[in-house]
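Heads up: the structure comes next, in structure tokens.
Because the structure is a prediction, the values reported are computed rather than measured. The analysis underlying the following values was restricted to heavy atoms, covering all of them including side chains, and did not include hydrogens, waters or symmetry mates.
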Amino acid sequence: MRTVLQRVKSASVTVDGQLISSIGRGLLVLAAISKDDTEKDIESMPAKILKAKLWDDESTDPPGKWKKNVVEIEGEVLCVSQFTLLASMKKGNKPSFHQSASGLKAKELYQAFFKKVQDSYQADKVKDGLFAAMMDVALVNDGPVTIQIDTDPPKMDDPTSLGPSGFGTPSDSTASTSVDVNDLVNNMTRITKEFKIPVELLE
């Protein structure tokens, strides 16, 4: 699951000219369900959102930076389903949405996510958009501050591109990911080019 949090002074959702939801100071949360998501992902995301410290503590002098979350400032939360957060542009110029969950699964898990956010805070302070509708989302981003949260963040590749068995060999899940210094030096030697200076230039 992926969410994008925007710290806002206000936000609203309108569909076909009709106001669906609006909030004042708080968070606009764009949420996307992936095809691999389970109820476990849905259970863990609300706490990440509500505990994210995106506001300063104005009670101190000078104000403490990044000290308070939306609950502590008694802010509001507006959740909006947005499957396009999982789009891929690796091939061509047209976005691919293969990582997004299908309609029924996405709706069920999104609704479970929204209810979990309500149950974890105050229901009257948590608002919703309209699932699968063409929405007009308006906001005043405060900062701006925009944060992305993934329940299953992508793992970093080995920066040396070395597996445990040598240069360019991918490591398997049971192997150690540590890189031996001697292997690194030897592999660097393999790709080192030899440059020879003409004798006449040395005379």
Side-chain angles (χ1 to χ4, degrees), residues 1-8 11 13 20-21 23 25-55 66-91 95-135 137 139 141 145-159 163-164 170-178:
M1 183 177 185
R2 173 171 294 171
T3 59
V4 170
L5 280 55
Q6 297 188 72
R7 188 179 74 181
V8 299
V13 171
I20 302 299
S21 296
I23 62 169
R25 186 185 188 205
L27 289 175
L28 171 62
V29 180
L30 306 177
I33 308 296
S34 83
K35 61 183 180 61
D36 298 320
D37 282 340
T38 64
E39 291 184 3
K40 182 178 179 181
D41 297 284
I42 303 307
E43 287 290 318
S44 63
M45 182 61 81
K48 294 177 180 289
I49 293 171
L50 296 176
K51 292 180 179 179
K53 295 183 180 297
L54 304 183
W55 283 269
W66 310 102
K67 294 291 187 180
K68 293 195 172 187
N69 57 46
V70 68
V71 176
E72 292 169 328
I73 68 161
E74 299 182 348
E76 296 178 286
V77 180
L78 174 56
C79 298
V80 176
S81 62
Q82 188 177 354
F83 73 94
T84 58
L85 294 181
L86 296 170
S88 172
M89 296 285 286
K90 289 184 178 180
K91 295 182 180 180
S96 168
F97 303 108
H98 293 309
Q99 289 300 314
S100 301
S102 61
L104 181 59
K105 176 181 178 179
K107 183 175 183 178
E108 290 177 348
L109 290 182
Y110 174 78
Q111 289 177 340
F113 157 74
F114 176 73
K115 186 176 187 306
K116 181 67 175 179
V117 178
Q118 283 189 314
D119 293 344
S120 300
Y121 188 22
Q122 298 178 36
D124 62 333
K125 287 183 176 292
V126 181
K127 310 293 179 61
D128 197 7
L130 190 59
F131 187 87
M134 183 65 72
M135 293 176 277
V137 181
L139 70 147
N141 195 314
V145 173
T146 303
I147 305 291
Q148 176 177 305
I149 302 177
D150 292 330
T151 53
D152 185 20
K155 296 178 176 59
M156 291 184 63
D157 293 331
D158 180 355
S171 59
D172 58 43
S173 59
T174 60
S176 171
T177 57
S178 62

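- Two residues are said to be in side-chain contact when any heavy atoms from C-beta on lie closer than 4.5 Å; Leu28 and Val80 meet this criterion.
- A donor-acceptor pair under 3.5 Å links the side-chain atoms of Lys105 to the main chain of Asp37, judged by distance alone.
- The distance from atom CD of Glu74 to atom NZ of Lys68, rounded to the nearest 0.5 Å, is 9.0 Å.
- At a cut-off of 3.5 Å, with distance as the only test, a side-chain donor of Thr146 or Asn141 sits close to an acceptor on the other residue.
- For the pair Ser120 (side chain) and Val117 (backbone), a donor-acceptor distance under 3.5 Å is absent.
- Considering NZ of Lys116 and CG of Leu50, their distance stands at 10.0 Å, rounded to 0.5 Å.
- At most 12 non-hydrogen atoms from other residues, nucleotides or ligands lie less than 6.0 angstrom from NZ of Lys51.
- Across Pro46 and Phe113, no two heavy atoms sit closer than the pair CG-CD1, 4.0 Å.
- In this structure, the side chain of Thr151 engages the main chain of Met1 through a donor-acceptor pair within 3.5 Å.
- Few gaps surround CD on Gln122; more than 12 heavy atoms of other groups in view lie less than 6.0 Å from it.
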Starting from the C-alpha separation in whole Å, work towards a yes-or-no answer on side-chain contact (heavy atoms from CB on, under 4.5 Å) for Leu109 and Glu39. CA-CA 7 Å; Leu109 290 182; Glu39 291 184 3; 4.3 Å; yes
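- The distance from the CD1 atom of Ile49 to the SG atom of Cys79 is 6.0 Å, given to the nearest 0.5 Å.
- Using modelled atom types, one side-chain atom of Ser21 and one backbone atom of Asp128 make a donor-acceptor pair closer than 3.5 Å.
- A donor-acceptor contact shorter than 3.5 Å links the side chain of Ser100 to the backbone of Phe83.
- When each of Leu85, Val29, Ile147 is paired with Thr3, the side chain to side chain contact (heavy atoms under 4.5 Å, CB included) condition holds for Val29 and for no other.
- Taken to the nearest 0.5 Å, the OG atom of Ser88 stands 8.5 Å off from the NE2 atom of His98.
- When side chains are defined from C-beta on, Lys125 does not count as touching Val77, because their heavy atoms never get closer than 4.5 Å.
- Screening Val137, Leu139, Ile23 for a side chain to side chain contact (heavy atoms under 4.5 Å, CB included) involving Val13 leaves a single residue, Val137.
- Heavy-atom neighbours of Glu72 CD from other residues, nucleotides or ligands within 6.0 Å: above the threshold of 12.
- For the residue pair Phe97 and Ala87, the shortest heavy atom distance occurs at CE2-CB, 3.4 Å.
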Could you check Val70 against Trp55 for side-chain contact (heavy atoms from CB on, under 4.5 Å), going step by step and ending with a plain yes or no? CA-CA 8 Å; Val70 68; Trp55 283 269; 3.8 Å; yes
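- Atom NZ of Lys115 has 12 or fewer neighbouring heavy atoms from other residues, nucleotides or ligands inside a 6.0 Å radius.
- Note: Asp41 CG to Arg2 CZ = 12.5 Å, rounded to the nearest 0.5 Å.
- When all heavy atoms are compared, the tightest approach of Ile149 to Met45 is O-CE, 3.6 Å.
- Using cut-offs of 30° and 60° for the angle between ring planes, the Phe114 and Tyr110 rings count as parallel.
- Here the straight-line distance linking atom OG of Ser81 with atom NZ of Lys107 works out to 10.5 Å at 0.5 Å rounding.
- Between the side chain of Arg7 and the backbone N or O of Leu54 there is at least one donor-acceptor pair closer than 3.5 Å.
- The residues Glu76 and Arg25 are annotated as not salt-bridged, no charged nitrogen and carboxylate oxygen being separated by less than 4.0 angstrom.
- Heavy-atom neighbours of Met134 CE from other residues, nucleotides or ligands within 6.0 Å: at or below the threshold of 12.
- Across Ala106 and Ile33, no two heavy atoms sit closer than the pair O-CG1, 3.8 Å.
- Proximity of a side-chain donor or acceptor of Asn69 to a complementary backbone N or O of Val71 within less than 3.5 Å is detected.
- Of all the heavy atoms in Ile42 and Ala112, the pair that sits closest is CG2-C, 3.7 Å.
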